Amino acid sequence: MKPGKAYLLRHGQTYWAVSGQHTGRTDVPLTEIGRQQAVEAGERVRAAHPQPFAAIYCSPLKRASETARLAGFDAEYRDELMEWDYGRAEGRTRGQIGEALGRAWNLWFDGPQSVPESLGEERVETLPDGEQVAVHLTEGETIDEVFARAKKIADEAKAITDEGKDVLLVAHSHILRLVTMAWVDLPAAEGRKFELGTARYVVLGDHKGQAVIENWGA
């Protein structure tokens with residue numbers, strides 16, 4: 001039996017995706033551009049995969065669930081697909097964190113726990129369109145913790161594709177990159193080398209018994 005494939009779709013544009021602010025658990029909505037991107041992403045995915053998916057899983061966060069809906073997919077919410085919990089990095093840019101830390105900061109190696117406590121305030125931020133979002137902070141997740149979630153989803157997706165069926169995951173940049181690393185058995189930190197734009201998708205598959213990345217950023 002020929003193995004199936006896993007499609008991984010990132011949500012559409014948000015204001016924080018544009019500004020470079022870390023968007024983990026803050027429930028920011030799509031921009032108008034992001035909503036249009038979601039519609040177009042659905043058209044691209046269906047053009048490449050016209051038959052129904054055996055399973056469709058989605059992060060429950062608004063930007064992902066709205067992307068799935070606008071793309072035309074009826075998805076089951078899975079908490080494991082929520083974005084990396086950035087802790088005190090939430091809503092901050094790499095530049096802001098580096099300035100407060102006094103050196104360059106890299107999420108993949110330093111983690112949220114290294115972000116100075118001076119940046120860790122719960123607050124309400126106003127988006128450019130006037131909508132307000134609440135920023136709630138935790139200690140954040142280590143890369144091992146978020147990778148464990150990614151592995152769980154990757155294993156579930158593989159169980160489906162091993163039966164010759166296809167699956168679609170709709171979620172966020174970092175978690176989808178980590179799902180990919182789990183799929184192809186690479187270290188979690190290697191995910192930093194794979195950029196995934198808003199409303200772009202990835203295809204994971206199997207070639208002669210080897211888990212592979214078939215398409216990236218379509």
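It should be emphasised that the depicted structure is a prediction, and the values quoted were computed from it without experimental measurement.
Pairing each heavy atom of A89 with each of I97, the nearest pair is CB-CD1, 3.7 Å. Taking each heavy atom of K151 and A182 in turn, the nearest pair found is CG-CB, 3.7 Å. Of all heavy-atom pairs between Q96 and T93, the closest is OE1-N, 2.9 Å. Across all non-hydrogen atoms, the minimal contact from S65 to Y77 is CB-OH, 3.5 Å. Closest of all the heavy-atom pairs between A71 and R46 is O-NH1, 2.6 Å.
Residue pairs meeting the salt bridge (charged side-chain N to carboxylate O under 4.0 Å, His left out) criterion with at least one member in residues 6-34, sequence neighbours excluded: R25-E141, E32-R35. Annotation: salt bridge (charged side-chain N to carboxylate O under 4.0 Å, His left out) contacts involving residues 194-204, sequence neighbours excluded, are absent. Among residue pairs with one or both ends in residues 162-173, those qualifying as salt bridge (charged side-chain N to carboxylate O under 4.0 Å, His left out) are E163-K165; sequence neighbours excluded.
One N or O on the side chain of R149 and one on the backbone of E80 form a donor-acceptor pair closer than 3.5 Å. T67 contributes a side-chain N or O that, together with a main-chain N or O of G12, makes up a donor-acceptor pair within less than 3.5 Å. Between the side chain of E139 and the backbone N or O of G87 there is no donor-acceptor pair closer than 3.5 Å. Side chain of T23 to main chain of Q21: a donor-acceptor pair is present (N/O by atom type, distance under 3.5 Å, no hydrogens or angles). A donor-acceptor distance shorter than 3.5 angstrom exists from the side chain of E145 to the backbone of T142, with no hydrogens or angles considered. With H22 contributing its side chain and R92 its backbone, the two residues share a donor-acceptor pair below 3.5 Å.
Checked against salt bridge (Lys or Arg N to Asp or Glu O under 4.0 Å), E40 has no partners two or more places apart in sequence or in another chain.
In this structure, the separation between CD1 on I153 and CZ on R78 is 4.0 Å, given to the nearest 0.5 Å. To the nearest 0.5 Å, atom CG of residue D79 and atom NZ of residue K152 are 9.5 Å apart. K5 NZ to F53 CZ: the interatomic distance, rounded to the nearest 0.5 Å, is 11.5 Å. Remark: H11 NE2 to L196 CG distance equals 9.0 Å, nearest 0.5 Å. One distance of note links OG1 of T26 with CH2 of W16; it measures 4.0 Å at 0.5 Å rounding. Here the straight-line distance linking atom CG of L176 with atom CG of L204 works out to 9.0 Å at 0.5 Å rounding.
Around CG of D129, the count of heavy atoms belonging to other residues, nucleotides or ligands within 6.0 Å exceeds 12. Other residues, nucleotides and ligands place more than 12 heavy atoms under 6.0 Å from the CD atom of E122. Crowding of I33 atom CD1: a count of heavy atoms from other residues, nucleotides or ligands under 6.0 Å not exceeding 12.
Within the 4.5 Å cutoff, no side-chain heavy atoms of D74 are placed close to those of I56. Side-chain contact check for W216 versus T180: some heavy-atom pair is nearer than 4.5 Å. Side-chain contact between Y57 and I160 is present, with heavy atoms from C-beta onward closer than 4.5 Å. For the pair P29 and L127, the minimum side-chain heavy-atom distance is below 4.5 Å. A 4.5 Å side-chain heavy-atom check between L81 and C58 finds every atom pair outside the cut-off. At least one side-chain heavy atom of W183 sits under 4.5 Å from a side-chain heavy atom of T161. You'll find the side chain of H174 reaches within 4.5 Å of the side chain of Y86, heavy atoms only.
A salt bridge is absent between R63 and E83: the closest approach of a Lys/Arg side-chain nitrogen to an acidic carboxylate oxygen does not fall below 4.0 angstrom. Salt-bridge formation is not detected for the pair R88/E90: no Lys NZ or Arg NE/NH1/NH2 atom is positioned less than 4.0 Å from an Asp or Glu carboxylate oxygen.
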Quick one: side chains of residues 99-107, donor-acceptor pairs under 3.5 Å with protein atoms, not counting sequence neighbours, listed by atom name and distance.
unit_1	atom_1	unit_2	atom_2	d
R103	NH1	D110	OD2	3.3
W105	NE1	G111	O	3.3
W105	NE1	S114	OG	2.9
N106	OD1	W108	N	2.9

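Counting side-chain heavy-atom gaps under 4.5 Å among Ile, Leu, Val, Met, Phe, Trp and Tyr, the cluster of M82 also holds L61.
In the hydrophobic cluster analysis, where Ile, Leu, Val, Met, Phe, Trp and Tyr join through side-chain heavy atoms closer than 4.5 angstrom, F194 is grouped together with I143. Two different hydrophobic clusters hold Y7 and V184 under the rule that ILVMFWY side chains link at heavy-atom gaps under 4.5 Å. Both V179 and V146 are members of a single hydrophobic cluster when ILVMFWY side chains are connected at heavy-atom separations under 4.5 Å. Hydrophobic clustering, with ILVMFWY side chains joined whenever heavy atoms are under 4.5 angstrom apart, groups W84 together with V202.
Using modelled atom types, one finds a donor on one side chain and an acceptor on the other under 3.5 Å when comparing Q13 with T31. Looking at S173 and R177, their side chains do bring a donor and an acceptor atom within 3.5 Å of each other.
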